[in-house]
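Numbers restart at 1 for each chain; the letters A, B, ... are given by sequence-line order, proteins then strands. When reading the values below, keep in mind they use all heavy atoms of this one structure, side chains included, and skip hydrogens, waters and symmetry mates.
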Amino acid sequence: MTDPQAPDAPSHFIREIIRSDIQTNKQGAGVYTRFPPEPNGYLHVGHAKAICLNFGIAQEFGGRCNLRFDDTNPEQEDAEYVEAIKRDVHWLGYEWTELRHASDYFEQLYQYAVTLIENGKAYVDDLSAEEIRAHRGTLTQPGRESAARQRSREENLDLFARMRAGEFRDGEKVLRAKIDMASPNINLRDPVLYRIKHATHQNTGDAWCIYPMYDFTMSLSDAIEGVTHSLCTLEFEDHRPLYDWLLDELPVPSRPRQIEFSRLNLGYTITSKRKLNQLVQEGHTGGWDDPRMPTISGMRRRGYPPEALRDFCGRIGITKNEAQIDFEVLENSVREALNQSAERRLAVLDPLRVVIENYPEGQTEQCTAANHPFREELGSRQVPFSRVLYIEREDFMETPAKKFFRLAPGREVRLRFAYYITCTDTVRDEHGEIVELRCSYDPQSLGGTPDGRKVKGTIHWVSAEHAATANVRLFDRLFLSANPAAEQDYVEHLNPESLQVLRECRLEPALLDAPPGARYQFERQGYFSVDTADSAPGAPVFNRIVTLRDSWAKASARQRA
RNA sequence: UGGGGUGUAGCCAAGCGGUAAGGCACGGGGUUUUGAUCCCCGCAUGCGCAGGUUCGAAUCCUGCCACCCCAGCCA
């Protein structure tokens, strides 16, 4: 596995920049990064990329990394989200150096704003939002200066103090940087620094009624924390001149460097907090942690191991290309982690009854089953075998297709960890549907066969009398479109069959005591986890994390096509 | 159309003037009591296009083309 920290992990341009900065001592000693989410929703895979980058880089260079909540817009934010975010970062395997909130700096930021005013670099404007927009100009035309731009420092200072004191209503006044209304970079056309919001803040309560904007907050918070490398996504690239302008104009304690990289897009999924929020609010999924959601909490609930996410983030690379990663890359990381760590069990998802006619009635014996094919230290368990079994319905074909190696009339197969059986007859119900197979077994075939005969197929099974019955949920992609975000209405592209609940699954008895969160491979089927929310003691509910690769399914699909 | 970015295989991605790494996907073969895993092998005379510089260019120069981002008192 390529962990981002591994010495042989592929390098990328940000790592190169940092190496060079260290060599030239450009950003001072040490590396300090930060992950700065806004607590306005749950984290998703895209954030996992940013988390692995920021925390991973810090780890790699023996540096530090803060978790900082960018909580400057009280109307959007909630304490529920800050708790969820902390949980997600921890689950991914990272520990922050300091836990901060941008709101911790509100007083200091306010003083910085005052300094700007004192230096003639900011002014209070009383234009309305619409007027400001009209004054801003367009992409090709310069903006116009507001009359308020000429205000004296004294008046600006007084007005700004009164903004803070709550003398104005929302939207009545705003603090703006005095830069250049004719700049070809629209972000430099006197950007708003502070706005009035009489709202209760999740961290500071009612202490403030003015709140700083993103650009102002981000660069100064980075500087306050001594961040050396401020990593963010591409859309902030043309905000960098403003980020740097603030550092130039104010007596900041450090000089962070902003570097942008492209955000993660994953095939068949959505990585937008806003859109994910809509899915939750409109009830299209069971919540933020629905196992079909590309949120970190959804993936955790589904059973993805955190090391799989880290491995994935290490594989996709860090560049400025707008990339859309195939979903298979993620699944590959998940399978690789689980193949290594998950114990194997036998479970029949779609049961078909089998009676072994030459097996003594009422007899039970224990078959020894290895818990893992290449990790002997994980030991083995006993699986009961008896006269009546269940096998997977799709492991039997009355008229076998070409290259079908499983059970069929007259065919012999291996029952995993047990005997060879041969299908001798079929039993049908009144509709003509096959409801039972009659088979014979070879008592000599337990560890091998005395005559050395080989069989092409091995199938899984469970003893009917001993089996537990459980619900198993199969998940398919949430969207049918490869790029739902690009569709006119992504909600229309939801996969109506993304969730399938199987209620008649038969499990080997050992699975009955599986603890919530445990992950197993159901042999020949896939990896499954015990749902942490819906399972009860003695009544586990299983989530399919990911299927096994299935070259038979692929080949037979190709045959049909 | 002003500004800022990006173009290397189906999808990612190395490459930093010396003759196209690696991963995913895909195809073929071997091992196998999971059609899994594992192991081999194949997969760009080609790097957005066109010129130019050079003994030599994905890398340097010039000109084009395509795509993405920016006109919130969101982040």
Is the ring centre of A/W552 under 5.5 Å from the base ring centre of B/rG35, and are the two planes under 30° apart, so that they stack? yes
Against the six-membered ring of A/Y527, is A/R335 placed for a cation-pi contact (under 6.0 Å from the centre, within 45° of the normal)? no
Distance between C1' atoms of B/rG10 and B/rC26 (Å, rounded): 8 Å
Applying salt bridge (charged side-chain N to carboxylate O under 4.0 Å, His left out), name anything that partners A/E77, two or more places apart in sequence or on another chain. none
Apply salt bridge (charged side-chain N to carboxylate O under 4.0 Å, His left out) to A/D350 and list each qualifying residue two or more places apart in sequence or on a separate chain. none
Which residues share a salt bridge (charged side-chain N to carboxylate O under 4.0 Å, His left out) with A/K554, sequence neighbours left out: none
Name the pairing partner of B/rU53, where a pair is Watson-Crick or G-U wobble with both distances under 3.5 Å, or state none. none
Go through the structure and list residues passing salt bridge (charged side-chain N to carboxylate O under 4.0 Å, His left out) with A/E145, not counting sequence neighbours. A/R149
Looking only at N and O atoms, is any donor in the side chain of A/R414 or the base of B/rU33 less than 3.5 Å from an acceptor on the other one? yes
Contacts of A/Q488 that satisfy side-chain hydrogen bond (donor to acceptor under 3.5 Å, both in side chains) - sequence neighbours left out: A/H493
Identify the pairs formed between an N or O of the protein and an N or O of nucleotides 6-9 of chain B at a distance under 3.5 Å, and give each distance.
unit_1: B/rU6; atom_1: O3'; unit_2: A/N321; atom_2: OD1; d: 2.7
unit_1: B/rU6; atom_1: O2'; unit_2: A/N321; atom_2: OD1; d: 3.2
unit_1: B/rG7; atom_1: OP1; unit_2: A/N321; atom_2: OD1; d: 3.2
unit_1: B/rG7; atom_1: O5'; unit_2: A/N321; atom_2: OD1; d: 3.3

Base-pairing mate for B/rU19 - Watson-Crick or G-U, with both contacts under 3.5 Å: none
Using the C1' atom on both, measure B/rG18 against B/rG56 and round to a whole Å. 7 Å
Which ones in residues 343-352 of chain A lie close to RNA chain B, meaning a heavy atom under 4.0 Å from one of its atoms? A/R344
What pairs meet the salt bridge (charged side-chain N to carboxylate O under 4.0 Å, His left out) rule with one or both residues in residues 193-204 of chain A, with sequence neighbours excluded? A/E75-A/K197
Can you confirm whether the side chains of A/E487 and A/S481 place a donor and an acceptor under 3.5 Å from each other? yes
Using ring pair (Phe, Tyr, Trp, His ring centres under 6.0 Å), reason through A/Y441 and A/Y419 one step at a time and then give a plain yes or no. CA-CA 7 Å; A/Y441 88 115; A/Y419 299 97; 4.8 Å; yes
For atom C1', what is the distance between B/rC49 and B/rC65, given to the nearest Å? 7 Å
Quick note, A/I132 side chain, CB onward, closest among B/rA14, B/rC12, B/rC73 is B/rC73
Any strand: nucleotide that pairs with B/rG42 via Watson-Crick or wobble, under 3.5 Å: B/rC26
Would you measure the distance from the P atom in B/rA9 across to the matching atom in B/rG2 and give it in whole Å? 29 Å
Do any pairs count as a side-chain hydrogen bond (donor to acceptor under 3.5 Å, both in side chains) and have a residue in residues 263-272 of chain A, sequence neighbours left out, and if so which ones? none
Partner residues of A/T458 under the side-chain hydrogen bond (donor to acceptor under 3.5 Å, both in side chains) criterion, sequence neighbours left out: none
Is there a donor and acceptor pair, one atom on the side chain of A/Q521 and one on the base of B/rU34, closer than 3.5 Å? yes
B/rC68 and B/rA14, which share atom name C1', separated by this distance in whole Å: 23 Å
Residues touching RNA chain B, which here means a heavy atom under 4.0 Å, drawn from residues 184-192 of chain A: A/P184, A/I186, A/V192
Go through the structure and list residues passing ring pair (Phe, Tyr, Trp, His ring centres under 6.0 Å) with A/W552, not counting sequence neighbours. A/F404
B/rC67 pairs with, by Watson-Crick or G-U criteria that keep both distances under 3.5 Å: B/rG5
Quick one: does A/R133 reach the base of B/rG72 with a side-chain donor-acceptor pair under 3.5 Å? no
Rounding to an integer number of angstrom, what distance separates B/rC47 and B/rA58 when you compare their P atoms? 7 Å
